[in-house]
Number of protein chains: 2
Amino acid sequence: MAEKTKPSRRQRERQRHRSEIVDAAMRLFAEKGFHNVSMQEIAVEAEFATGTIYNFFDSKETLYREIMDEVADNVLSLVKPILEGETDEREKIAGFIRASIRIFQENSAAIRLFLRANQGPLAHVSTAHFSGTAAKVHDILQAMLKQVFAAGVRKGLFRPIDPCVVAPALDAALRAIVFSAAEDVQDSALEEKVAGIEELFFRGILHDAWNLAACVKAASDREES
Amino acid sequence: MAEKTKPSRRQRERQRHRSEIVDAAMRLFAEKGFHNVSMQEIAVEAEFATGTIYNFFDSKETLYREIMDEVADNVLSLVKPILEGETDEREKIAGFIRASIRIFQENSAAIRLFLRANQGPLAHVSTAHFSGTAAKVHDILQAMLKQVFAAGVRKGLFRPIDPCVVAPALDAALRAIVFSAAEDVQDSALEEKVAGIEELFFRGILHDAWNLAACVKAASDREES
DNA sequence: CGTCAATATGAATGGTTAGTCATATGGCGA
DNA sequence: TCGCCATATGACTAACCATTCATATTGACG
C-alpha cells in the first residue's frame, strides 16, 4: 500500500517546506488565534510567499484543521498506551495524570491551540468545542478514561462512581492546572500541583468520613429561603 | 448619588432598546463566536438598523465587552453569598457545587460566551482566557474558592490540600460537566452528575486507603523505559 | 398642528484579507 | 548546455464588514 521506497530529493524538500509552514502557522495560531492571523503573516513567518501556502493547503481553514488533527493524533498516541496497558486501573489513572505533565509541557505551544480552538471557523455547537478529528480524538480519550474508570469500579478498586462524571472531571481539572501553569512564567510548581490533583482524585478533600447527606440537605434548604 | 427619580418615558424606551440589542448580540455571540457575527446580523436579530447599534455602543468590541461584564457580574452576585456566608466550609463548597446547576442552567446561553471567550479581539495570553472585567470576576471567584479551601484546611475539615490546585480543579470539573450537559438535549441527568462531582471531590475515587506512593513510583519507573 | 430634539435609518466608505493566476525560478535529465 | 516541469512568487481581485453620516422618523410639548 504505502510506498516506502521513494522519498526522492524533490519529495523530501516538499515535505520539509510543508512542515515549515505548519510550524509557523501553529506558532501564530497558538499565540493569536485563528481569526487574528492572516495568511500573509503565516507566509512571512514561514518565509514563503502567500501563494505558496495554497500549493500545500486548499484554504486557511484546511491548514488550521490539519494542524489541529496533527496535534490531536500526537497527544492520543502518547496517552493511549498508558490507558490501554495491562496494569491496574489505579496505576493507569495515576500514570495518565503524571503523563499529562510531560505531554502538555512538550506540546505547550500546540496545546494552546486547543485552548484557543473555540473561535475556529466552526460556528457550531459541537459536542466538544473542537473541530473535526480533534473532536474525535477528544471523544476517544474520554471514552478510554471512562472505560478505565468503569473497569476499576467493576473490580472494586474504585467506589461506585459514575465514569461519565469522573472522566470529564479529571480531564478538565488536569487541563485547568496544566494550562494555568503553562501561562505563568514560573511553572516550577507544576509537578507538585499535578501530584495534588492525583491525591485529590484518589482521596478527596475530606479528612474523615463526614455526613455528606446532611450537608447537602442543609444547603438545599437554604437555597429555598 | 444615583438619581432614582427619573426613568422618564424616553429613558425607559432607550433602556429597553439597549437591552434588546444586548440580548440579540448575546444570543449570536454565544452561538457563533465574536468573529463570526457581523454587526448587520446583530442589527437584524435585534430588529434595528446597523447604525442604531452605534448609538448605544462605540464599537463591536465595546458591545462584546459590556455583555461579558454583565454576565460576569451576574454570576458573581449569585455565587458570592454562598461562599462568603457564615456556614461551615464543607457546606460552602457543597452549596457552591449545587448552586452551579442553577446558575449555569439559567444563564446557559450567556455562559457559552465564556466558553467562546478565547477568540475575542484580545490576542493576548492573559492570565485567564477572558477579557476585562470578566477576567477579574473569574479571578475573584477563584480567590474566594481558595479562601474557603484554605479555611477548611486550617480548621481541619479538609485534608492538607493545596487550595491553588483544588480551586481551579473544582471550577474546571464543574464547568466541564455542566457544559456538556447543557449541550446535550437530555440534561435530565444533570442533577445526578453534579451530585457525582460533589461526592468525587469530597471523597475521591478510591474505595479504601491505597498505597498511592507505590503506584506513582511504578508509573514513573515505567516512564523511563 | 408645527417645531424641535432625540433617535433611527441604511447606503456609502475604507480598510482588511482569503484566495487566484500569470509569471519567474531553479533543479534535473538529456 | 538546453529545455522542461515542479514549484515559488506576489500583485491583484472580489468579498466582507466595521463604522460613519446625511437624512428620515418619532414623539413630546407648546
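For the numbers below, each heavy atom of this structure counts, side chains included, while hydrogens, waters and symmetry mates do not. Bear in mind the structure is a predicted one, so any value in this text is a computation, not a measurement. In what follows, chains are A, B, ... by sequence order, proteins preceding strands, each numbered from 1.
Listed by first and then second residue, the side chain to side chain donor-acceptor pair (under 3.5 Å) pairs that reach into residues 48-60 of chain A are A:S59-A:T62, sequence neighbours excluded.
Residue B:H17 has a polar side-chain atom (N or O) positioned under 4.0 Å from OP1 or OP2 of C:dA8.
A:V22 is linked by a side chain to side chain contact (heavy atoms under 4.5 Å, CB included) to A:F57, A:I67, A:E70, counting only residues two or more places apart in sequence or in another chain. B:Q15 pairs by the side chain to side chain contact (heavy atoms under 4.5 Å, CB included) definition with B:R18, not counting sequence neighbours. In this view, B:E41 and B:L28, B:K32, B:V37, B:S38 satisfy the side chain to side chain contact (heavy atoms under 4.5 Å, CB included) rule, not counting sequence neighbours. With sequence neighbours left out, the side chain to side chain contact (heavy atoms under 4.5 Å, CB included) criterion links B:A143 to no other residue.
Atom CZ in A:F57 sits about 15 Å away from atom P in C:dT20, given to the nearest Å. Here D:dT7 presents its P atom at 8 Å from CG of A:N55, a figure rounded to the nearest Å. In this structure, B:R18 atom CZ and C:dA8 atom C1' are separated by 17 Å, rounded to whole Å. Rounded to a whole Å, the CD1 atom of A:I53 is 16 Å from the P atom of D:dT7. Rounded to an integer number of Å, the gap from A:R16 CZ to D:dT7 C1' is 13 Å.
At a threshold of 4.0 angstrom between heavy atoms, the contacts of B:F56 are confined to the sugar-phosphate backbone, with no base atom among them.
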**Worked check of salt bridge (Lys or Arg N to Asp or Glu O under 4.0 Å) between A:D23 and A:R27** = CA-CA 6 Å; A:D23 280 359; A:R27 272 196 301 279; 5.2 Å; no
**Message:** For nucleotides 10-30 of chain D, give me one character per nucleotide, 5' to 3': B if any protein heavy atom sits under 4.0 Å from the base, S if the only such contacts are to the sugar-phosphate, - if neither.
**Reply:** B-------SBB------SS--
